[in-house]
Asks: 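Attaching a single structure in structure tokens format; questions to follow.
Any value given below was found using the heavy atoms of this structure, including those in side chains, with hydrogens, waters and symmetry copies removed. To find a chain, count down the sequence lines: A is the first, B the second, and so on, and within it residues start at 1.
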Amino acid sequence: MKAESSTLTPFTKRVLTIINQIPIGHVMAYGQVAAAAGNPRAARQVARILHSMSDKYQLPWHRVLNKTGKISLRGEAATRQRRLLEQEGIVINEQNQVKMAAYQYIPKENAFDLGEYI
DNA sequence: GGCATGACTCCCA
DNA sequence: CTGGGAGCCATGC
């Protein structure tokens with residue numbers, strides 16, 4: 001379905017596409033998603049996109065963590081994300097942190113050009 | 001067009 | 001480990 005994609009900027013669409021391609025049981029860092037979308041320094045924008053889109057799109061937003069493998073949310077939201085990750089078999093310690101080396105997903109360079117997911 | 005914002009990241013103490 | 005400060009930049013008002 002790509003009905004609403006026309007209102008989104010190319011960068012946003014690439015970000016959404018990439019996030020949708022993260023396999024179950026894997027995660028990506030905000031900066032990594034941004035880099036895959038073409039702008040390695042737009043990590044904050046990725047976070048912003050997730051914040052505004054996660055409720056309108058069926059995004060696996062919980063598979064996006066900061067670069068240290070930690071959950072960047074706080075309070076209830078952090079607990080919610082933690083549970084979702086655990087449901088996928090991802091192990092998180094008391095500091096809401098996972099082993100990035102073990103779970104990080106590395107997308108193919110041109111994967112986002114397809115735009116088939118939005 | 002300008003300015004504030006932030007689910008980030010990097011660097012140093 | 002924690003904490004503070006600076007840089008970055010697409011988005012929204």
Side-chain angles (χ1 to χ4, degrees):
Chain A
M1 308 316 216
K2 52 181 178 178
E4 305 178 47
S5 61
S6 59
T7 62
L8 305 175
T9 67
F11 178 77
T12 299
K13 284 192 283 189
R14 286 197 292 274
V15 169
L16 293 176
T17 299
I18 291 163
I19 293 174
N20 270 317
Q21 292 177 347
I22 304 176
I24 294 177
H26 288 257
V27 300
M28 282 183 79
Y30 298 95
Q32 192 191 357
V33 173
N39 192 337
R41 305 188 173 182
R44 307 188 74 142
Q45 282 58 253
V46 173
R48 174 185 291 277
I49 291 168
L50 257 49
H51 185 79
S52 60
M53 302 295 192
S54 59
D55 56 336
K56 299 176 184 175
Y57 297 81
Q58 298 183 340
L59 284 176
W61 59 273
H62 56 281
R63 298 188 193 137
V64 186
L65 307 170
N66 67 29
K67 206 171 187 181
T68 70
K70 253 184 166 183
I71 292 177
S72 289
L73 295 173
R74 308 173 199 188
E76 302 180 34
T79 303
R80 220 179 311 135
Q81 180 170 13
R82 177 187 178 122
R83 183 177 303 144
L84 288 169
L85 292 172
E86 292 177 325
Q87 286 177 4
E88 299 190 349
I90 297 175
V91 179
I92 309 183
N93 64 18
E94 302 82 18
Q95 301 173 30
N96 279 345
Q97 184 175 42
V98 310
K99 287 185 181 178
M100 283 305 273
Y103 300 111
Q104 191 167 37
Y105 171 60
I106 309 295
K108 291 194 173 186
E109 295 184 14
N110 299 322
F112 63 80
D113 282 333
L114 301 177
E116 298 176 344
Y117 290 75
I118 50 181

Asks: Rounded to the nearest angstrom, tell me the gap between atom OH in A:Y30 and atom P in B:dC8.
Replies: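 Checked: the OH to P distance equals 6 Å.
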Asks: Go through the steps to decide whether A:I22 and A:V64 satisfy the test side chain to side chain contact (heavy atoms under 4.5 Å, CB included), and finish with yes or no.
Replies: CA-CA 9 Å; A:I22 304 176; A:V64 186; 4.2 Å; yes
Asks: Assign A:T68 to base, sugar-phosphate, or nothing according to its heavy-atom contacts below 4.0 angstrom with the strands shown.
Replies: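 Nothing, no heavy atom under 4.0 Å.
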Asks: Each nucleotide in nucleotides 8-13 of chain C should get exactly one letter: B, S or -. Can you fill that in based on protein heavy atoms under 4.0 Å?
Replies: BBBB--
Asks: Go through A:V91 and A:K99 one step at a time and tell me if the side chain to side chain contact (heavy atoms under 4.5 Å, CB included) criterion holds.
Replies: CA-CA 8 Å; A:V91 179; A:K99 287 185 181 178; over 6 Å; no
Asks: Could you tell me the separation between the OG1 atom of A:T17 and the NZ atom of A:K13, rounded to the nearest 0.5 Å?
Replies: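 If we round to the nearest 0.5 Å, A:T17:OG1 and A:K13:NZ are 8.5 Å apart.
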Asks: Going by the rule salt bridge (Lys or Arg N to Asp or Glu O under 4.0 Å), which residues pair with A:R44 if we only count those two or more places apart in sequence or in a different chain?
Replies: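 So A:R44 forms no salt bridge (Lys or Arg N to Asp or Glu O under 4.0 Å) with any residue.
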Asks: Using a heavy-atom distance cut-off of less than 4.0 Å, which residues of residues 22-29 of chain A contact DNA chain B?
Replies: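 Per residue number, the list reads A:A29.
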Asks: If I take atom CE in residue A:M100 and atom P in nucleotide B:dC8, what distance separates them, rounded to the nearest angstrom?
Replies: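 To the nearest whole Å, that distance equals 13 Å.
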Asks: Who passes side chain to side chain contact (heavy atoms under 4.5 Å, CB included) against A:E88, sequence neighbours left out?
Replies: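 Testing A:E88 for side chain to side chain contact (heavy atoms under 4.5 Å, CB included), a comparison that skips the adjacent residues, returns A:I24, A:H62, A:R63, A:I90.
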Asks: Between A:N20 and A:P60, is any pair of side-chain heavy atoms under 4.5 Å apart?
Replies: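 The answer is yes, as the side chains (C-beta and beyond) meet within the 4.5 Å cut-off.
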Asks: The criterion is side chain to side chain donor-acceptor pair (under 3.5 Å); which residues satisfy it with A:N39, sequence neighbours excluded?
Replies: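 Counting only residues at least two positions away or on another chain, A:N39 forms no side chain to side chain donor-acceptor pair (under 3.5 Å).
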Asks: Flag the pair A:M53 / A:T12 as yes when at least one side-chain heavy-atom distance between them is below 4.5 Å, and no otherwise.
Replies: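 Yes, close enough: below the 4.5 Å cut-off.
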Asks: Check the pair A:L73, A:R80 against side chain to side chain contact (heavy atoms under 4.5 Å, CB included), reporting the backbone distance first and the verdict last.
Replies: CA-CA 10 Å; A:L73 295 173; A:R80 220 179 311 135; over 6 Å; no
Asks: Do A:I19 and A:W61 touch side chain to side chain, with heavy atoms closer than 4.5 Å?
Replies: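 A:I19 vs A:W61: side chains apart.
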Asks: Could you write out each protein N or O paired with an N or O of nucleotides 1-4 of chain C at a distance under 3.5 Å?
Replies:
none

Asks: Nearest whole Å is fine: how far is B:dA7 P from A:L84 CG?
Replies: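 One finds 18 Å between P of B:dA7 and CG of A:L84, rounded.
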